[in-house]
Every structure is written in C-alpha cells, then in structure tokens.
A.B. asks: 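Below: one structure in structure tokens.
In what follows, every heavy atom counts, from backbone to side chain, and hydrogens, waters and symmetry copies are set aside. Values in this document were obtained by computation on a predicted structure and should not be read as measured data. Below, chains carry the letters A, B, ... as their sequence lines are ordered, and counting in each starts from 1.
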Number of protein chains: 2
Amino acid sequence: MAMAADADAVSPRERYRSQVRADIKARAWEQIAKAGATGLSLNAIAKELGMSGPALYRYFGSRDELITELIRDTYRGLADTFRAAADSGAGIGGLAHALRRWALDDPQRYFLVYGTPVPGYQAPADITGIAQEIMAALLDVCAAAEPEAPPSASAGFTAHLSQHREWAGGHPAPPGVLRRALAFWTRMHGVLSLELAGHFTGMGFDQDRLFDAEVAELASGR
Amino acid sequence: MAMAADADAVSPRERYRSQVRADIKARAWEQIAKAGATGLSLNAIAKELGMSGPALYRYFGSRDELITELIRDTYRGLADTFRAAADSGAGIGGLAHALRRWALDDPQRYFLVYGTPVPGYQAPADITGIAQEIMAALLDVCAAAEPEAPPSASAGFTAHLSQHREWAGGHPAPPGVLRRALAFWTRMHGVLSLELAGHFTGMGFDQDRLFDAEVAELASGR
DNA sequence: TGCTGGCGTTAGAAGCTATAACAAACATGA
DNA sequence: TCATGTTTGTTATAGCTTCTAACGCCAGCA
C-alpha cells in the first residue's frame with residue numbers, strides 16, 4: 001500500500017491478462033499432475049475457468065505453446081533450486097537430495113523435462129540457455145567437492161572430456177570435475193527416474209536408502 | 001510341404017486373424033517410431049491397411065489394449081535379449097552393450113517400457129512376470145562376474161538388501177550381487193535414457209565413450 | 001465523448017476413440 | 001445340400017479433442 005511508486009505501472013489490461021494466464025497454467029499443472037502431459041486438455045481447462053473453449057486461445061496460441069511455457073517454467077524452477085543449493089554451500093550430497101526433493105514433489109513435472117521426448121519437438125533457444133544455468137550450478141558444486149578425485153576406471157574418458165568441454169560454457173573446472181558432473185547427472189537421473197516411474201514399487205527395499213547409497217558412491221571419490 | 005502333420009492345424013480364420021493383428025502391430029510400431037506412443041492413431045492404421053476405422057476394433061479392443069500388447073512384446077524382446085547375452089557368457093560389459101544396442105535400435109521402444117509412466121496405467125500381471133525374467137538374467141550375469149566386490153561406500157545399503165531380497169525371486173545371489181544388479185539397472189538406464197532423449201546432443205563429447213566409461217566404473221569392482 | 005483493440009462468444013471443420021446396427025462372407029453341422 | 005451361427009467388415013453416430021472464423025461487446029484511452 002505504501003509502495004505506490006508508479007514506476008512499474010502495468011496497465012490493468014496487462015494485469016488481468018497475466019492473471020488469467022497464471023490461472024490457466026495452474027489448472028494445467030493440476031491436470032498434468034493427475035493425468036500426465038498427455039492428458040492435458042485445453043477445453044477442460046477453459047471450462048474449469050468458466051470460459052468457453054476457444055477463449056483460451058487468446059492467451060496461448062496452441063496446446064504446444066502452453067506446454068512449452070510449462071517446460072520453460074520447470075527448467076527455470078530447477079535452475080533456481082540448483083543455484084540455491086550451490087550457493088548455500090551444499091556438497092554433492094546436498095545437491096542430490098535437493099534434486100530428489102524437487103522431483104518427488106511433483107513427478108510429472110520431472111518427466112516434463114527428463115521424460116519421454118516427443119520425436120518432433122525442438123525446445124526454443126532460451127530453454128537450452130536455462131539448461132546451461134543448471135549445468136553451471138552443477139559444475140560449481142562438483143568443483144567445490146574434494147579437489148582431487150582418485151584415479152577412476154574411466155581415465156580415458158576424462159581425458160577425452162578435456163578436449164570436448166565446450167558444453168561447460170566458460171567454466172574453469174578441470175576435466176575430472178566435468179566427469180564428476182556428468183556422472184552426477186546420469187546416475188541421479190537413473191535412480192530417480194526409475195523411482196518416479198514406479199519401477200521399484202513392490203520390490204521391498206527402501207528407496208531412500210538406494211538413493212543415498214548411489215549418492216555415497218558418487219561422492220566418495222569413486 | 002513334407003511337414004504335413006496336422007497337429008498344429010490352425011484354422012485358416014485364425015491364421016488370417018493373427019496375420020492381420022501382426023500387420024496392425026507393424027504399422028503401430030512405424031507410427032510410434034516416428035511420432036511416439038502419443039501419436040499412435042488407430043484410425044490412421046486402419047486406413048493404411050485399407051480398412052475403415054472401426055474394423056480395427058475386431059482385433060484390438062481399444063487403443064490401450066493395443067499399446068499394452070506392444071509393451072508386452074517389448075518386455076518379451078528385452079527379456080530374450082538379456083537371456084541370450086547371459087547364456088552366451090557375456091560379462092557385465094557385454095550385457096550393457098547388448099542393452100544399449102537394443103535401445104538405440106528403436107529408442108521409442110525403449111521409452112515404451114522405461115519412459116514417462118501414464119499415471120493411471122497398471123501393467124497386467126504377466127508383464128511383471130516377464131520383468132522378473134529380465135531381472136533374473138541380470139542377476140545371473142552379475143553373479144558370474146568377479147565373485148568378491150571390493151568394499152563399497154554403500155555397505156549399509158547392501159546389508160539392507162540382504163534382508164529385502166524378495167524381488168530377486170529365488171535367486172541365490174549374495175547381497176553384493178543384488179547391489180551390483182541394482183547399480184547396473186539404475187546407471188545404465190541413467191546414461192541411456194539421457195542419450196536416447198537427446199540431452200547430450202550438441203554437447204560435443206563422444207556418447208559411446210561416456211557409456212563405456214560408465215560401464216567400466218560399474219564393472220571395476222566398486 | 002467516441003474509437004479501437006482486446007476479450008469472449010457461438011459455429012464449424014477436421015481429427016480422434018469407441019459403440020451400435022446392419023450386411024456379407026465364411027465354416028460347420030444336419 | 002441346405003441352414004445355422006460365428007466372424008469380419010461396413011456405415012452411422014455420439015462425444016471428445018484442437019483450432020479457425022466470424023461476430024458482439026465492453027473497457028480503456030485520447
């Protein structure tokens with residue numbers, strides 16, 4: 001109320017518009033959480049919001065455009081989560097558990113990014129930019145872990161990475177750190193996606209402990 | 001011609017029926033390969049086969065039923081691949097590369113089994129039975145690898161497995177082997193699914209070598 | 001006050017899954 | 001050989017989807 005600076009004067013129209021867009025996205029997330037991205041229906045969302053079908057196309061040009069926006073938000077959220085964990089000095093284990101919490105919080109959101117790709121789809125350029133942010137935070141954390149990793153069974157690949165490191169942006173991490181970051185990515189995704197997809201249900205063991213074990217082996221040198 | 005034993009006398013009707021079913025599945029696989037499981041259209045398949053829409057429902061009760069059948073066939077094929085690799089004395093590395101070849105051969109087929117789960121879907125009981133076969137073959141291979149795995153960073157979880165091993169069926173493998181089989185599953189799936197989903201494209205490094213590296217670290221004790 | 005741009009509406013095309021009702025072909029028993 | 005019943009195909013139809021087109025209205029701005 002006291003912050004009546006009109007510097008950020010948004011027209012009431014824009015205000016309304018972004019409000020409706022947010023409502024639509026909120027409903028979309030509900031639908032995705034309970035039926036997956038496949039089960040997302042623009043029609044159903046419109047009806048839920050009290051407006052009739054095609055009105056929704058004033059806010060999102062197509063179903064794909066809405067989903068792309070959700071994917072973008074998801075990348076953004078994951079990047080923020082990673083950045084926060086990295087800046088708070090969390091180690092590899094801390095980052096891993098932050099990732100798992102984020103994933104378990106809404107499995108379908110995780111699958112929106114790391115799930116089955118639809119063959120034709122190409123993510124817009126700005127999304128791959130956010131993906132770079134995620135990688136940067138991961139590299140920061142890996143670089144801050146114990147400086148010298150014990151010689152690994154894959155020394156050859158680590159050497160290969162020293163000559164193919166463009167994907168790390170300008171990050172100054174040595175190849176061993178690059179290798180560790182890749183291992184973090186592949187292994188955490190491996191356990192997590194199987195867990196989220198329910199492939200472990202009914203197997204009897206404690207899924208928390210499996211994840212912790214995999215984190216321990218990743219963090220303990222190797 | 002010489003094998004005119006009428007023991008396996010299938011009525012020409014059944015013969016025709018199973019032929020049409022096979023045709024339908026073949027077209028379905030084409031569609032899935034090029035547009036993913038989401039893009040599978042019964043109508044389009046029917047038209048391709050020269051019959052009109054609803055005729056297809058004589059052969060598959062519903063879209064879900066067809067997809068379930070494809071999933072079943074996929075599990076069956078993967079189980080056979082694993083069994084063959086295991087029986088041919090392939091080690092952990094051999095099994096891993098057999099898996100990767102099988103996956104790269106048709107990525108969407110891989111995702112049909114290990115991709116984004118649709119929230120409501122529950123696989124029929126016989127499919128989980130085939131999944132058990134896959135696990136058994138994996139356990140065989142892991143058991144045949146070096147008998148004693150070095151002490152790992154996750155000894156606690158291995159101990160936990162010794163008391164939660166029902167999922168291994170009656171397999172006599174010691175807990176360390178169970179641990180290794182789980183690691184095989186999660187790690188190979190981690191690298192593979194990221195590779196198949198295209199998350200590594202444009203990163204510049206050699207994806208074969210990443211896979212080999214991960215296999216090497218898995219096989220080299222730990 | 002009057003104009004214009006954004007918003008919401010209904011109508012409709014084209015696609016999909018799936019069911020119902022009906023016709024033809026086929027296999028088999030009397 | 002003829003009749004019966006099963007199996008396979010057809011068209012029609014309901015109900016859903018995405019998305020375009022044409023129209024009316026109303027709010028905000030000059």
A.B. asks: Could you go through the side chain to side chain contact (heavy atoms under 4.5 Å, CB included) check for B/Thr74 and B/Trp102 one step at a time?
C.D. replies: CA-CA 10 Å; B/Thr74 303; B/Trp102 182 85; 3.6 Å; yes
A.B. asks: If a protein heavy atom is under 4.0 Å from the base, mark B; if only from the sugar-phosphate, S; if neither, -; do that for nucleotides 25-30 of chain C going 5' to 3'.
C.D. replies: BBS---
A.B. asks: Could you walk me through whether A/Leu70 and A/Arg109 pass side chain to side chain contact (heavy atoms under 4.5 Å, CB included), step by step?
C.D. replies: CA-CA 9 Å; A/Leu70 298 179; A/Arg109 178 181 59 182; over 6 Å; no
A.B. asks: Angle between ring planes, A/His160 versus A/Phe157, binned at 30° and 60°: parallel, tilted or perpendicular?
C.D. replies: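 Ring orientation of A/His160 relative to A/Phe157: parallel.
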A.B. asks: B/Glu65 CD to C/dT17 P: how many Å, rounded?
C.D. replies: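 Spelled out: CD on B/Glu65 to P on C/dT17 is 14 Å.
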A.B. asks: Using side chain to side chain contact (heavy atoms under 4.5 Å, CB included) as the criterion, list what pairs up with B/Leu104, not counting sequence neighbours.
C.D. replies: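 Testing B/Leu104 for side chain to side chain contact (heavy atoms under 4.5 Å, CB included), a comparison that skips the adjacent residues, returns B/Arg100, B/Glu195, B/Leu196.
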A.B. asks: Salt bridge or not for B/Arg187 and B/Glu217, using N-O below 4.0 Å?
C.D. replies: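 Result for this pair is no, no salt bridge flagged.
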A.B. asks: Please state whether the rings of B/His189 and B/Tyr114 are parallel, tilted or perpendicular, taking 30° and 60° as the class boundaries.
C.D. replies: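 Answer is tilted, since the angle falls between 30° and 60°.
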A.B. asks: Classify the ring geometry of B/Phe205 against A/Trp167: parallel below 30°, tilted from 30° to 60°, perpendicular beyond 60°.
C.D. replies: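 Perpendicular, since the angle between the ring planes exceeds 60°.
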A.B. asks: Roughly how many Å is it from CD1 in B/Ile45 to P in C/dC16, rounded to a whole number?
C.D. replies: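 Distance check: B/Ile45 CD1 to C/dC16 P gives 11 Å.
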A.B. asks: In whole angstrom, what separates B/Glu14's CD from D/dT7's P?
C.D. replies: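 After rounding, the reported distance stands at 10 Å.
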A.B. asks: Please give me every residue in residues 17-38 of chain A whose heavy atoms get under 4.0 Å of an atom in DNA chain C, ordered by residue number.
C.D. replies: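 Correct list: A/Arg17.
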A.B. asks: Classify the nucleic acid contact of A/Leu66 as base, sugar-phosphate or nothing, counting any heavy atom under 4.0 Å across all strands shown.
C.D. replies: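 Nothing, no heavy atom under 4.0 Å.
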A.B. asks: Taking only side-chain nitrogens and oxygens of B/Asn43, does any of them come within less than 4.0 Å of OP1 or OP2 of C/dG15?
C.D. replies: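 So the side-chain polar atoms of B/Asn43 never come under 4.0 Å of the phosphate oxygens OP1 or OP2 of C/dG15.
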A.B. asks: Between B/Leu218 and B/Met188, is a side chain to side chain contact (heavy atoms under 4.5 Å, CB included) present by the stated rule, with each step listed?
C.D. replies: CA-CA 9 Å; B/Leu218 175 70; B/Met188 297 303 102; 4.0 Å; yes
A.B. asks: Which of residues 47-63 of chain B have a heavy atom under 4.0 Å from DNA chain C?
C.D. replies: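 Within residues 47-63 of chain B, the residues near DNA chain C are B/Pro54, B/Tyr57, B/Arg58, B/Ser62, B/Arg63.
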A.B. asks: Could you grab the distance from atom CZ of A/Phe211 to atom CG of A/Asp206, nearest 0.5 Å is fine?
C.D. replies: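 Output value for this atom pair is 13.0 Å.
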A.B. asks: Which atom pairs, one a donor and one an acceptor, fall under 3.5 Å between side chains of residues 28-39 of chain B and the rest of the protein, sequence neighbours left out?
C.D. replies:
from    : atom 1 : to      : atom 2 : distance (Å)
B/Gln31 : OE1    : B/Ser41 : N      : 2.9

A.B. asks: List the atom pairs, with distances to 0.1 Å, where a side-chain N or O of residues 79-92 of chain B and a protein N or O form a donor-acceptor pair under 3.5 Å, not counting sequence neighbours.
C.D. replies:
from    : atom 1 : to       : atom 2 : distance (Å)
B/Asp80 : OD1    : B/Arg76  : NE     : 3.4
B/Asp80 : OD1    : B/Arg76  : NH2    : 3.1
B/Thr81 : OG1    : B/Gly77  : O      : 2.9
B/Arg83 : NH1    : B/Asp87  : OD1    : 3.0
B/Arg83 : NH1    : B/Asp140 : OD2    : 3.2
B/Arg83 : NH2    : B/Asp140 : OD2    : 3.2
B/Ser88 : OG     : B/Ala84  : O      : 3.4
B/Ser88 : OG     : B/Ala85  : O      : 3.0

